[in-house]
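Counting starts at 1 for both ligands and their atoms, following the listed order.
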Amino acid sequence: MEYVLETQGLTKVYGKKEAVRDVSMHVPEGKIYGLIGRNGAGKTTIMRMISGLSAPTRGSYSLFGKTGYEMGKLLKKVGVLIESPGLYPRLSAYENLKIKCIGMGVNPKGYVEDLLKSVGLENTDLKKPAGSYSLGMRQRLGIGLALVGNPAMLVLDEPINGLDPQGIAEVRQTLVNLRDEKGITIMISSHILDELAKVADCFGIINEGSLLDEFSAEELHQRSGQYVMIRTQDTAGTEKALKAIGVEQISEEPDGTLRVSDQLDNTPAMARAIIEAGIGLQEICLKSISLEDYYLGVTEGGRHNG
Ligand code: ATP
């Protein structure tokens, strides 16, 4: 089985609005799939459909290579965290997990302890109520709850939204461990693209309900390439100095920073030309085009190459 999840023309209509339109996406086994899109793009609607929480208006999907009735039975292998986790705030992480385990008929010895370990909560005070946890700890407990029943796939809607940098890093580590140590396939949505780029192996871009693009991290790297970023005290003078040494592909960012897309191995000559023109050079460095740049290029119908 190449894909854990595949959708064909998945569509959801609310009233007259097509919240999700004709989405055919592919989530490879054992990978972290990042679903990107701005607010209202349709990410939650897709996640609800593939988790069995909402029926598609049109289209279909397969899970673990199965469709129809066979697939329905496999929905229990999908763990879901959509919006904030439903926790009992007065109960501890242990108790919250234990209740879910009992409800789902999963109760082997040491199971809750293993779950706590999987989400990095094994060292929390056993008596501390979940309501007093940081947002990051609550999200990790939510992921722990989604893991009850040993799902092969996790669907996590905006799990890092609103977290501080430490909380984000802890959730990221938790996801990477689940992928690498337990082989769990994870679909995660976020609009914090820097963070998504650090954790995801492949990406789908959703815009106004449609899937505009789907690519792996390696493809992103190959497609988007690099550029030289230059910041000086005189943008026009810098452009002139660079053109004088044969640099052609120069574009200006709104903040006056220049992006050079040719002669990338020639930054020393660029720096020399700027300094020799008597211009104060503040910064010059080679940069990779970010996921955010790529996303903006795709959603705004602009260039893929920055
Ligand atoms: P966000 O990050 O804000 O949650 P999203 O990408 O998850 O955004 P969705 O929540 O899937 O977007 O919403 C997609 C569109 O469908 C939006 O225009 C939303 O208003 C609409 N929508 C979602 N759920 C319903 C519903 N139950 N009834 C009517 N319209 C809905």
Side-chain angles (χ1 to χ4, degrees), residues 4-27 31-61 63 75 78-87 135-136 138-140 142-143 145-146 151 153-165 167-168 171-172 175 185-215 220 290-302:
V4 161
L5 168 77
E6 231 180 315
T7 73
Q8 293 92 22
L10 206 61
T11 299
K12 182 77 185 183
V13 181
Y14 290 117
K16 288 188 177 155
K17 185 181 167 65
E18 277 188 325
V20 169
R21 184 182 322 116
D22 209 15
V23 165
S24 298
M25 66 195 312
H26 308 82
V27 179
K31 304 283 184 199
I32 299 179
Y33 186 103
L35 199 55
I36 310 170
R38 53 175 67 95
N39 288 343
K43 305 180 296 295
T44 307
T45 306
I46 291 174
M47 290 181 145
R48 286 175 57 80
M49 284 191 280
I50 60 170
S51 315
L53 298 172
S54 148
T57 309
R58 284 192 302 279
S60 60
Y61 61 102
L63 274 175
L75 276 170
V78 181
V80 185
L81 175 59
I82 290 185
E83 281 146 23
S84 49
L87 305 177
L135 202 52
R138 267 184 265 170
Q139 284 298 33
R140 281 185 286 138
I143 295 171
L145 289 166
M153 178 173 173
L154 276 181
V155 175
L156 309 174
D157 192 14
E158 302 272 4
I160 55 172
N161 217 6
L163 303 191
D164 61 18
I168 290 178
V171 169
R172 188 193 324 134
L175 300 184
T185 305
I186 301 173
M187 180 188 268
I188 160 179
S189 71
S190 183
H191 44 251
I192 310 173
L193 300 192
D194 277 356
E195 286 304 326
L196 208 53
K198 283 186 205 158
V199 77
D201 305 297
C202 42
F203 305 89
I205 295 182
I206 301 287
N207 196 44
E208 296 177 3
S210 298
L211 182 69
L212 294 190
D213 203 355
E214 213 176 27
F215 47 91
L220 173 68
S290 66
L291 178 61
E292 182 153 359
D293 290 330
Y294 188 78
Y295 164 77
L296 289 174
V298 171
T299 52
E300 290 165 9

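Looking only at atom types and distance, the side chain of Arg21 has a donor-acceptor partner in the side chain of Ser210 under 3.5 Å away. Side chain to side chain, Asp22 and Thr11 fail the donor-acceptor criterion of an N or O pair below 3.5 Å. Side chains of Ser24 and Gln8: no donor on one and acceptor on the other come within 3.5 Å.
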Using a 3.5 Å cut-off on N/O to N/O, what pairs does ligand 1 make with the protein? A line per pair would be great.
from	atom 1	to	atom 2	distance (Å)
ligand 1	2 (O)	Asn39	OD1	3.4
ligand 1	2 (O)	Lys43	NZ	3.3
ligand 1	3 (O)	Gly40	N	3.4
ligand 1	4 (O)	Thr44	OG1	3.3
ligand 1	6 (O)	Ala41	N	3.1
ligand 1	6 (O)	Gly42	N	2.8
ligand 1	6 (O)	Lys43	N	2.9
ligand 1	6 (O)	Lys43	NZ	3.0
ligand 1	7 (O)	Thr44	N	2.8
ligand 1	7 (O)	Thr44	OG1	2.5
ligand 1	8 (O)	Gly40	N	2.7
ligand 1	11 (O)	Thr44	N	3.4
ligand 1	11 (O)	Thr45	N	2.9
ligand 1	11 (O)	Thr45	OG1	2.5
ligand 1	12 (O)	Gly42	N	3.1

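The closest side-chain heavy-atom distance from His191 to Arg38 is not below 4.5 Å.
In this structure, the salt bridge (Lys or Arg N to Asp or Glu O under 4.0 Å) partners of Arg58, at least two apart in sequence or on a different chain, are Glu18.
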(request) List the steps and the verdict of side-chain contact (heavy atoms from CB on, under 4.5 Å) for Met49 and Lys12. (result) CA-CA 9 Å; Met49 284 191 280; Lys12 182 77 185 183; 3.7 Å; yes
